There are 2 protein chains.
Amino acid sequence: MMKKQLIMEKALELFAKQGFEATSVQQITEQCGISKGAFYLAFKSKDELILSLIDHFMMQFTSDLDCIVRDTEETNEVLYKFYYSNFSSFYKYSDFAKTFMKEQTHTFNEEFILKIHYYDSQLEKIILCMIERIYGKNLPVKLDIMYSIKGFTNIYSHLFLFSQVPFDLHQLAQSLVEKTELLAKHAKVPFLTEELYQNAKHPVTEEQQKEKILEIIDQKTDELKDDSIVQESFSLLKQQLHEPAFSPAIVKGLLENIRHHPNCQWITYLLQSYWKI
Amino acid sequence: MMKKQLIMEKALELFAKQGFEATSVQQITEQCGISKGAFYLAFKSKDELILSLIDHFMMQFTSDLDCIVRDTEETNEVLYKFYYSNFSSFYKYSDFAKTFMKEQTHTFNEEFILKIHYYDSQLEKIILCMIERIYGKNLPVKLDIMYSIKGFTNIYSHLFLFSQVPFDLHQLAQSLVEKTELLAKHAKVPFLTEELYQNAKHPVTEEQQKEKILEIIDQKTDELKDDSIVQESFSLLKQQLHEPAFSPAIVKGLLENIRHHPNCQWITYLLQSYWKI
DNA sequence: TATAATAATGACTAAGTGGTCATTTGTCAA
DNA sequence: TTGACAAATGACCACTTAGTCATTATTATA
């Protein structure tokens with residue numbers, strides 16, 4: 001349908017300039033030279049429009065990269081082609097890329113978030129597949145390399161999209177290939193383990209979270225035997241975790257007791273987010 | 001003033017969950033248990049609130065990092081401390097970090113953008129200063145290392161903020177130190193030159209932009225001598241640049257002629273953004 | 001040409017926004 | 001207890017929003 005395409009194009013231009021929420025359906029229809037009713041004939045809602053845009057572009061972007069990673073015969077060319085294709089897509093779909101980067105973390109719409117997560121994990125799969133093709137399945141820092149690649153593409157895309165300077169994509173790709181190769185061949189200190197990665201991707205249930213917190217408390221209690229205040233605080237927090245009894249002020253105070261201890265920041269954070277305080 | 005602080009705290013929680021625009025002043029005042037009027041006694045407008053938040057947290061964050069980079073005596077500890085401090089700040093101010101990442105590229109408010117750019121360039125200065133301290137002033141890939149560091153911190157912060165998994169910040173910092181050292185010591189292929197970097201940071205005027213475009217057209221015309229269509233297209237586009245005469249359809253067609261040629265994507269983009277089409 | 005079917009319109013609604021200000025409440029010293 | 005001053009309130013305003021639907025225009029078919 002022609003209308004749909006027209007709306008998508010014009011809307012995207014506006015979204016790129018102003019953001020999704022700041023752009024009204026009115027503005028979109030004016031830009032298209034159509035009526036408000038016509039808009040709602042093409043799309044059920046404003047949300048459906050952005051969802052369609054995400055699908056349209058991300059399918060293109062993702063499959064482009066997938067083809068390159070799968071079809072490039074020479075493994076020593078894959079990385080270069082990956083980076084080059086990545087940045088030229090960002091250029092080609094720059095309006096979409098801008099909108100996407102803007103709204104990437106907005107939480108106002110559940111479906112929206114799910115879609116973005118879906119395509120993000122697809123991209124991660126593609127990068128991992130590429131890494132395995134080039135460096136073999138058993139590269140110990142595989143996941144960190146994947147994250148480094150994502151970091152590189154993100155930060156340079158940002159520069160690329162939000163400045164007006166002409167970039168030499170060839171030089172950029174070459175420069176990133178060298179960096180990636182260096183990291184893949186020499187980096188030995190891992191951070192992202194398979195387990196950590198899986199956990200980060202699949203957020204745990206409240207019950208599982210509680211188990212994990214108790215585990216860490218036990219560990220920390222053991223580590224900090226010489227501080228009786230911390231010992232007691234942990235003990236009381238553990239009670240509270242099993243059966244809420246103390247007032248918010250008391251809980252807050254107990255958390256304060258442990259917050260400033262070395263290596264206790266994370267457990268403090270976990271407890272806070274568990275109790276939503 | 002206590003009220004101001006209360007509002008800032010509660011507002012930040014809401015912003016982190018829903019985003020700035022999606023959070024109404026009403027919601028904020030409800031969360032604080034105060035009236036709408038009281039809000040406007042503390043802040044002149046909703047915009048003033050977010051601007052205050054940015055200042056409050058970014059000043060803290062920036063000066064924390066600055067101290068570490070300046071005051072750490074042992075140069076071989078600086079990198080580690082930088083990364084560790086960076087991520088613990090993200091943890092400490094996680095609500096702010098979420099909000100900030102969400103709104104980072106929104107363009108609805110000029111002052112907002114200026115502030116974010118200001119603090120971003122401060123951060124870049126600090127990182128550059130750190131790099132110079134560790135590796136000396138003449139590291140050839142200085143700016144790319146700076147961007148790599150930004151890329152690392154960005155992408156891991158993202159994982160860190162939007163997942164619930166407990167992270168070992170020590171391990172993360174160590175892992176990133178190793179990566180940075182590898183890049184700084186062995187990377188030889190530069191991408192970001194001093195000139196490119198300066199241009200990206202200080203967007204050029206329309207007149208300068210035109211000059212630059214003409215320059216690139218001349219260069220490309222020279223490169224692609226064997227394609228007469230491209231030659232003529234460039235020649236006509238140059239005319240149009242000096243004095244607009246052709247209709248939009250003709251200009252669009254000329255752009256199509258050059259768009260798909262290798263290495264002509266950027267100039268096509270520049271022309272499009274110059275003519276705002 | 002007449003009829004049916006489809007496409008497009010834009011005034012309208014209900015809900016929600018940021019921001020204002022006449023009024024009420026609270027807190028002092030006298 | 002009074003009165004003066006500041007702090008806090010929330011009904012209210014003008015405006016914008018996404019979405020609806022009775023009406024009109026266009027097209028295809030008989």
Side-chain angles (χ1 to χ4, degrees), chain A residues 1-56 99-100 102-103 106-115, chain B residues 1-56 99 102-103 106-116:
Chain A
M1 187 185 279
M2 286 322 282
K3 269 286 153 52
K4 254 186 160 162
Q5 212 176 319
L6 175 72
I7 293 172
M8 283 168 83
E9 275 173 28
K10 299 291 181 186
L12 195 52
E13 287 171 22
L14 291 169
F15 290 163
K17 270 185 221 144
Q18 311 170 337
F20 175 67
E21 286 190 273
T23 303
S24 67
V25 174
Q26 190 122 304
Q27 276 180 286
I28 297 170
T29 57
E30 274 167 21
Q31 194 76 201
C32 295
I34 61 167
S35 71
K36 220 165 179 196
F39 176 92
Y40 283 95
L41 284 177
F43 294 95
K44 271 211 289 293
S45 67
K46 199 184 162 191
D47 277 10
E48 201 196 84
L49 166 62
I50 186 102
L51 256 25
S52 297
L53 281 171
I54 295 177
D55 271 332
H56 181 258
T99 308
F100 191 68
K102 266 179 225 239
E103 313 294 341
H106 266 229
T107 46
F108 60 94
N109 184 321
E110 190 65 25
E111 213 181 328
F112 192 98
I113 297 290
L114 282 174
K115 255 205 188 352
Chain B
M1 188 185 278
M2 285 323 280
K3 269 285 153 50
K4 254 186 160 162
Q5 211 176 318
L6 175 72
I7 293 172
M8 283 169 82
E9 275 172 28
K10 298 292 180 186
L12 196 52
E13 287 170 22
L14 291 169
F15 291 162
K17 269 184 222 144
Q18 312 170 335
F20 176 66
E21 285 190 274
T23 303
S24 67
V25 174
Q26 190 123 303
Q27 276 180 288
I28 296 170
T29 57
E30 275 166 22
Q31 195 75 202
C32 295
I34 61 167
S35 70
K36 222 168 179 193
F39 176 92
Y40 282 95
L41 284 178
F43 294 96
K44 271 212 287 294
S45 66
K46 198 185 164 193
D47 277 10
E48 202 196 84
L49 165 62
I50 186 97
L51 256 23
S52 296
L53 281 170
I54 295 177
D55 272 331
H56 181 258
T99 308
K102 267 179 223 234
E103 313 294 342
H106 267 228
T107 47
F108 60 94
N109 184 320
E110 190 65 23
E111 214 181 329
F112 193 98
I113 297 292
L114 282 175
K115 254 205 193 343
I116 289 176

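From a predicted model like this one, the values you see are computed outputs, not experimental measurements. Letters go in sequence order (proteins before strands), and every chain restarts at 1.
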To the nearest angstrom, how far is [X] atom [atom1] from [N] atom [atom2]?
{"X": "A:Ile28", "N": "C:dA8", "atom1": "CD1", "atom2": "C1'", "answer": "18 Å"}
{"X": "B:Leu49", "N": "C:dG19", "atom1": "CG", "atom2": "C1'", "answer": "14 Å"}
{"X": "B:Asp47", "N": "C:dT17", "atom1": "CG", "atom2": "P", "answer": "16 Å"}
{"X": "B:Ile7", "N": "C:dG18", "atom1": "CD1", "atom2": "C1'", "answer": "15 Å"}
{"X": "A:Gln26", "N": "C:dG10", "atom1": "CD", "atom2": "P", "answer": "11 Å"}
{"X": "A:Leu41", "N": "C:dA5", "atom1": "CG", "atom2": "P", "answer": "18 Å"}
{"X": "B:Leu6", "N": "D:dA7", "atom1": "CG", "atom2": "C1'", "answer": "15 Å"}
{"X": "A:Lys46", "N": "C:dA15", "atom1": "NZ", "atom2": "C1'", "answer": "15 Å"}

Touch check for A:Thr23, heavy atoms < 4.0 angstrom, all strands: base, sugar-phosphate only, or nothing?
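Sugar-phosphate only.
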State which of [options] makes the closest approach to the side chain of [X].
{"X": "B:Val25", "options": "C:dG18, D:dA18, C:dA7", "value": "C:dG18"}
{"X": "B:Ser24", "options": "D:dA8, C:dT17, C:dA7", "value": "C:dT17"}
{"X": "B:Ala38", "options": "D:dA8, C:dT9, C:dG19", "value": "D:dA8"}

Look at the side chain of B:Lys46 and the backbone N and O of B:Thr23, then say whether any donor-acceptor pair between them is shorter than 3.5 Å.
yes
Provide the closest heavy-atom pair for A:Ile34 versus A:Phe39 in the form atom of the first, atom of the second, distance.
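Nearest heavy atoms, A:Ile34 then A:Phe39: CD1-N, 4.0 Å.
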What distance separates [X] [atom1] from [Y] [atom2], expressed to the nearest 0.5 Å?
{"X": "A:Leu49", "Y": "A:Ile28", "atom1": "CG", "atom2": "CD1", "value": "5.5 Å"}
{"X": "A:Lys4", "Y": "A:Ile7", "atom1": "NZ", "atom2": "CD1", "value": "9.0 Å"}
{"X": "A:Leu12", "Y": "A:Leu53", "atom1": "CG", "atom2": "CG", "value": "5.5 Å"}
{"X": "A:Glu13", "Y": "A:Lys17", "atom1": "CD", "atom2": "NZ", "value": "6.0 Å"}
{"X": "B:Lys36", "Y": "B:Ser24", "atom1": "NZ", "atom2": "OG", "value": "7.5 Å"}

Where along residues 30-37 of chain A does a heavy atom come under 4.0 Å from DNA chain C, residue by residue in number order?
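Heavy-atom cutoff 4.0 Å gives A:Ile34, A:Ser35, A:Lys36, A:Gly37.
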Here's a test of your reading of the structure: between B:Phe39 and A:Lys44, which maps to the more 5' nucleotide of DNA chain D?
B:Phe39
